[in-house]
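Remember, predicted model here, so these are calculated numbers, not experimental data.
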Amino acid sequence: MGRGNLAERFALSRRRRFVAVLMAEKIAFVGVGRMGANMARRLQECGFPVVAVYDAHAPSAEALAAELKTRHAKTLAEVTAAAEVIFTVVTDDAAQLGVFAASGDTLLIGAKGKIFINCATITPATHVEVERRAKAVGAVSLEGCMASSIPQARNGTLYLMCGGERATFERVKPILEKLSTALRYIGGTGQAAQVKALVNMVMNINTAGLAEGLGLGNALGLDLDMLREVFAQTGANSQVLKTDGEDMQNRAHDCFFSGAHAAKDSGIALQLGVEAGLKLPLAQATKAQFDEMVRLGLGGLDKSGVAELTFKGRHG
C-alpha cells in the first residue's frame, strides 16, 4: 500500500476520532423559536447531545424540552453550566447583548472554555462586542449567520456563513456541517454579519420589486400565472420569484421570514451604508415599504405580504 493511501487513511481515522469526541460534547440552545427549535431537533437527530434549551418565552423552551426529553433551563447561567457549545438564536441586538450581559443572569457566568455560536441577524458591531465579552471570561464566539428559513433549519440544509477566528470555526465545523449543506467561512468577526446584511438587503429589494411588478400586472388585467412564467424566463427572474411570487398572487403569507424582520434587516444594511459613506436609495425605499407593513399591523406576515401594499383593493 502506497504512502499516499496510508496518509489518507490516517487523516480519515484522525478526523473520525475528532468528530466522535466533538459529538460527545454537550450542546445547548438559547432562543428556541421556529429556527432555534428546528436546529436543536436536527442536531439531536444527528446524534449530538442537546442537553438544555432556554427561551425568554418560557413555554416555548418547556415544550421543546419535553419533546426532546432534555432540560428546560430556567436561567442563562444554567445553560452555560450544562453545555460546552451554546447556540444563540435571538431576535435582535438588544436580546443578543442581554444574554451576554456583564452582570445579572448571563451566559458569561462560568463561561471559561465554552464556545458560543451566535446565529441571530444582528449588526456586525454587536458580534464584535459579544466576542470581546466572551474573550474577557475565557470563552470564544463565532458568528453563524443563516441565509435560509425554517424548512432548511429542520432539514440541515441551511446556507450558513461564519465569522470569527478560523480555529474556532474548524473546531465546531463537524457540528455546523450537520446544519448546513453550504457552509462558508467568511472571515473575521463582523464580516459574516456584513455579508448577511447585504444578502437580506438585496433579497428585500427583490421582494418589494416583485410585489410592485405583480401588483401593476394585476391592475392592468394581465394573467398573473402567465406573467410569472414570463418573469421566470427573462431578466425579471429571481429566487424571490420562486419562493414568493405565487404567494403574493394568492395572498398566502404564512410566515417564514416576517415583514418585521425584513424591516429590521434593511435597517442594518442602511446603517452599514451610512458608515461606508454610501447612499442606498433602493434599500431606503424598500425599508419604507416593510415599515409600512409593520405600521398597518402586517409585520407578522411573511415578507411576501408586502404585496398587500401594491395590489389594488388590498391594504395599500
Could you pull out the closest heavy-atom pair between Cys119 and Val89, with the gap in Å?
-> CB-CG2, 4.2 Å

In terms of side-chain heavy atoms, does His127 have a donor or acceptor partner in Thr189 at a distance below 3.5 Å?
-> no

Nearest heavy-atom pair of Ala83 and Ile27: which atoms, and what distance?
-> CB-C, 3.8 Å

Looking only at non-hydrogen atoms, find the nearest pair between Ala52 and Ala73 and report the distance.
-> CB-CB, 4.4 Å

Kindly indicate whether the side chain of Asn200, heavy atoms from C-beta on, has any atom under 4.5 Å from the side chain of Met203.
-> yes

Do Thr75 and Val79 have side-chain heavy atoms sitting under 4.5 Å apart?
-> no

Salt-bridge test for Glu170 and Arg166: reply yes if a basic N is under 4.0 Å from a carboxylate O, no otherwise.
-> yes

Ion pair Lys196/Glu143, N-O distance below 4.0 Å = no

For a quick test of your reading: what N or O donor-acceptor pairs under 3.5 Å do the side chains of residues 281-289 make, sequence neighbours left out?
{"unit_1": "Thr286", "atom_1": "OG1", "unit_2": "Leu282", "atom_2": "O", "d": "2.8"}
{"unit_1": "Lys287", "atom_1": "NZ", "unit_2": "Asp291", "atom_2": "OD1", "d": "3.2"}
{"unit_1": "Lys287", "atom_1": "NZ", "unit_2": "Asp291", "atom_2": "OD2", "d": "2.8"}

If you measure from the Lys or Arg side-chain nitrogens to the Asp or Glu carboxylate oxygens, is any gap between Arg154 and Glu45 under 4.0 Å?
-> yes

From CA spacing to verdict: side-chain contact (heavy atoms from CB on, under 4.5 Å), Leu68, Leu64 = CA-CA 6 Å; Leu68 299 183; Leu64 184 64; 3.9 Å; yes

Report, as yes or no, whether the 6.0 Å neighbourhood of atom OH on Tyr185 holds more than 12 heavy atoms from other residues, nucleotides or ligands.
-> yes

Taking atom types as modelled, is there a side-chain donor on His315 or Glu292 under 3.5 Å from an acceptor on the other?
-> no

Please check if any side-chain donor atom of Asp93 sits under 3.5 Å from a side-chain acceptor atom of Thr126, or the reverse.
-> yes

With Gln239, which residues qualify under side-chain hydrogen bond (donor to acceptor under 3.5 Å, both in side chains), at least two apart?
-> none

Begin with the C-alpha distance, continue with both residues' side-chain angles, and end with the deciding distance and a verdict on side-chain contact (heavy atoms from CB on, under 4.5 Å) for Ile86 and Val30.
-> CA-CA 7 Å; Ile86 298 136; Val30 171; 4.2 Å; yes

Shortest non-hydrogen separation from Ser141 to Ala134 and the atoms involved = CB-CB, 4.4 Å

Take atom CD of Glu246 as the centre, draw a 6.0 Å sphere, and report whether it contains more than 12 heavy atoms from other residues, nucleotides or ligands.
-> no

Does the distance from a Lys or Arg side-chain N to an Asp or Glu carboxylate O, for Lys135 and Glu165, drop under 4.0 Å?
-> yes

Taking the side chain as every heavy atom from C-beta outward, state whether Val85 and Ile175 have any pair of such atoms under 4.5 Å apart.
-> yes

Tell me, with the steps shown, if Gln191 and Val195 meet side-chain contact (heavy atoms from CB on, under 4.5 Å).
-> CA-CA 6 Å; Gln191 290 187 318; Val195 173; 5.7 Å; no

Minimum heavy-atom separation for Met35 to Ser148, with atom names?
-> CE-O, 4.1 Å

To the nearest 0.5 angstrom, please state how far the CD1 atom of Ile268 sits from the CD1 atom of Ile122.
-> 8.0 Å

Should Asp244 and Lys303 count as an ion pair when the cut-off is N to O under 4.0 Å?
-> yes

N/O donor-acceptor pair under 3.5 Å between Lys26 side chain and Pro49 backbone | no

Under 4.0 Å between a Lys/Arg side-chain N and an Asp/Glu carboxylate O for Glu78 and Lys74?
-> no

Taking it one step at a time, do Thr88 and Gln96 satisfy side chain to side chain donor-acceptor pair (under 3.5 Å)?
-> CA-CA 8 Å; Thr88 66; Gln96 189 74 68; 3.1 Å; yes

Measure the shortest side-chain to side-chain distance between Leu296 and Leu309 over non-hydrogen atoms and say whether it is less than 4.5 angstrom.
-> yes

May I have the step-by-step check of side-chain contact (heavy atoms from CB on, under 4.5 Å) for Phe231 and Asn237, ending in yes or no?
-> CA-CA 5 Å; Phe231 281 177; Asn237 194 20; 5.9 Å; no

Contacts of Phe29 meeting ring pair (Phe, Tyr, Trp, His ring centres under 6.0 Å) (sequence neighbours excluded), chain-then-number -> Phe87

